[in-house]
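So that the names make sense, note that chain A is the first sequence line, chain B the second, and so on, each numbered from 1.
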Protein chains: 2
Amino acid sequence: MPRAKSQSRENLLDSALSTFWKIGYHVVSMGDLVRETGVSRAGIYSDFGGKEDLFHACLDRYQDTVVTPAFAPVEAEGAGIEGIQKYFDNLLARFEDSGGFGMGCLVGNTLSQIPEDAQETRQKLRAHSDRLTAGFRKVLTLENGDHGPLSDAEIEALARYTTISVQGIWSYSRLTGDVAELRAASDMLIAVLKARLRGTPD
Amino acid sequence: MPRAKSQSRENLLDSALSTFWKIGYHVVSMGDLVRETGVSRAGIYSDFGGKEDLFHACLDRYQDTVVTPAFAPVEAEGAGIEGIQKYFDNLLARFEDSGGFGMGCLVGNTLSQIPEDAQETRQKLRAHSDRLTAGFRKVLTLENGDHGPLSDAEIEALARYTTISVQGIWSYSRLTGDVAELRAASDMLIAVLKARLRGTPD
DNA sequence: CTTTTTTTAGAATGGGCGTTCTTCTACATC
DNA sequence: GATGTAGAAGAACGCCCATTCTAAAAAAAG
């Protein structure tokens, strides 16, 4: 019955993910993980090899269980700007569920903690960032249509800008307890995108 | 001759600041600080009391020696939107000086690492965020003039949004080695501000 | 039930941590 | 030159870390 093990492995990953997310890689100890996941030390080591490998597995699981569902409205076939709006709504809902301060984004949190030579980790963070940008680019391209005001280069820049701003909002969610502040920022970002799609004079 | 001591204290702070900035509070060890600052353990403890107090002192020094000079064009009397542009130029210049990846912003880095109950630290981060927002608010108010298109509430939201976006750009500077990507984002932000000051239809 | 394999709890290990304390050096004052 | 004092170096302390190992329990297979 290999099902049981693979299921407990996923529970382990989920617990570890939320622990890393909440307090950060360096602060989490293996003792914390044993306590939080309910899995023995030997079990963790035999399944993942060590703390760093476990963390990498958590980054992957974060993509699957957090980013993919939340970002689905953007990545959906034919998604328009309302898909981006829905994505922001998902983030705000997650913030409200947390009560008090948010946990931010695991990727953004990690980004500010990795040493310069953590190449594998940085590559995963880069992949996340590129994923978001690709989603926004697709939506913006579709909304812009064949004869919209934006060139491909402008769409690219706007998509990257959106990714960067979203990370800023995520990050700020760790500092404020007020969802209205976050909503104001995400509304502003949406308004900016709409205005540019309509062709704003600079 | 108390001069010597107070000067070495500032050197200590500067060294500690750059160490914390580069690799983050939790990763820096007292041994690192002794090595980097050239000050004895006893000296650090007698001057600052401990690692956390030293870090708080570094956050304050960061304001004085990094934020104040870089942000001066925004906080200057009568500063307009070109002051914000100059501020971004300062950040980009700092990024280019670092060669390779940037270090981001000490405040943003710290924000993603603090536990929920680190109240004194969080308060300093909040103060930084509010400082930036106040600077942007002042510029936007002046640019908007008496009969501009923006209400006070809109200015407030736009100022906060600018702060959040800037933090996003800072954060992204740890992920990219390409100054052009950062410049594109800051140019976009400037264009957004100008467009809204000109009265953009949403 | 017996045997074999897997999984567990937790002790052991070696090392690094923040902090304190002791010792020694260097210099100012007389 | 002798004495007193501040500062530096680094040893010492107790604790916690990631990782490994051991021995017992639990589960699976026959």
(request) Counting heavy atoms from C-beta on, name the nucleotide in dG18(C), dT20(D), dC21(C) closest to the side chain of Y45(B). (result) dG18(C)
(request) Rounded to the nearest angstrom, tell me the gap between atom CZ in R41(B) and atom P in dC24(C). (result) 19 Å
(message) Tell me every residue that passes ring pair (Phe, Tyr, Trp, His ring centres under 6.0 Å) with Y172(B), counting only those two or more places apart in sequence or in another chain.
(response) none
(request) Using the test ring pair (Phe, Tyr, Trp, His ring centres under 6.0 Å), find all partners of F55(B) that sit at least two apart in sequence or belong to another chain. (result) F20(B), Y25(B)
(request) Could you list by number each residue of residues 22-33 of chain B showing a heavy-atom separation from DNA chain C of less than 4.0 Å, or answer none if no residue does? (result) V28(B), S29(B), M30(B)
Listing, residues 111-118 of chain A side-chain donor-acceptor contacts under 3.5 Å, not counting sequence neighbours, or none:
unit_1: S112(A); atom_1: OG; unit_2: N109(A); atom_2: O; d: 3.1
unit_1: S112(A); atom_1: OG; unit_2: N109(B); atom_2: O; d: 3.4
unit_1: S112(A); atom_1: OG; unit_2: S112(B); atom_2: OG; d: 2.3
unit_1: Q113(A); atom_1: NE2; unit_2: N109(A); atom_2: O; d: 3.0
unit_1: Q113(A); atom_1: NE2; unit_2: S112(B); atom_2: O; d: 3.3

(request) Taking only heavy atoms on the protein side, list every residue of residues 48-57 of chain A lying under 4.0 Å from any atom of DNA chain D, sorted numerically. (result) G50(A), K51(A)
(request) State, with a plain yes or no, whether a side-chain heavy atom of I164(B) is found less than 4.5 Å away from one of S165(A). (result) no
(request) Taking salt bridge (charged side-chain N to carboxylate O under 4.0 Å, His left out) as the test, write out the residues that go with K51(A), two or more places apart. (result) none
Under 3.5 Å, sequence neighbours excluded: what are the donor-acceptor pairs made by side chains of residues 131-142 of chain B?
unit_1: R131(B); atom_1: NE; unit_2: E75(B); atom_2: OE2; d: 2.9
unit_1: R131(B); atom_1: NH1; unit_2: Q63(B); atom_2: OE1; d: 2.9
unit_1: R131(B); atom_1: NH1; unit_2: T68(B); atom_2: OG1; d: 3.3
unit_1: R131(B); atom_1: NH2; unit_2: T68(B); atom_2: OG1; d: 2.8
unit_1: R131(B); atom_1: NH2; unit_2: E75(B); atom_2: OE1; d: 3.0
unit_1: T133(B); atom_1: OG1; unit_2: S129(B); atom_2: O; d: 3.0
unit_1: T133(B); atom_1: OG1; unit_2: R160(B); atom_2: NH1; d: 3.3
unit_1: T133(B); atom_1: OG1; unit_2: T163(B); atom_2: OG1; d: 2.8
unit_1: R137(B); atom_1: NE; unit_2: E156(B); atom_2: OE1; d: 2.6
unit_1: R137(B); atom_1: NH2; unit_2: E156(B); atom_2: OE1; d: 3.4
unit_1: R137(B); atom_1: NH2; unit_2: E156(B); atom_2: OE2; d: 3.3
unit_1: K138(B); atom_1: NZ; unit_2: A76(B); atom_2: O; d: 3.1
unit_1: T141(B); atom_1: OG1; unit_2: R137(B); atom_2: O; d: 2.7

(message) Test: salt bridge (Lys or Arg N to Asp or Glu O under 4.0 Å). Region: residues 26-41 of chain B. Which pairs qualify, not counting sequence neighbours?
(response) D32(B)-R35(B)
(message) Once side-chain hydrogen bond (donor to acceptor under 3.5 Å, both in side chains) is applied, do any residues pair with T19(B), and if so which ones, sequence neighbours excluded?
(response) none
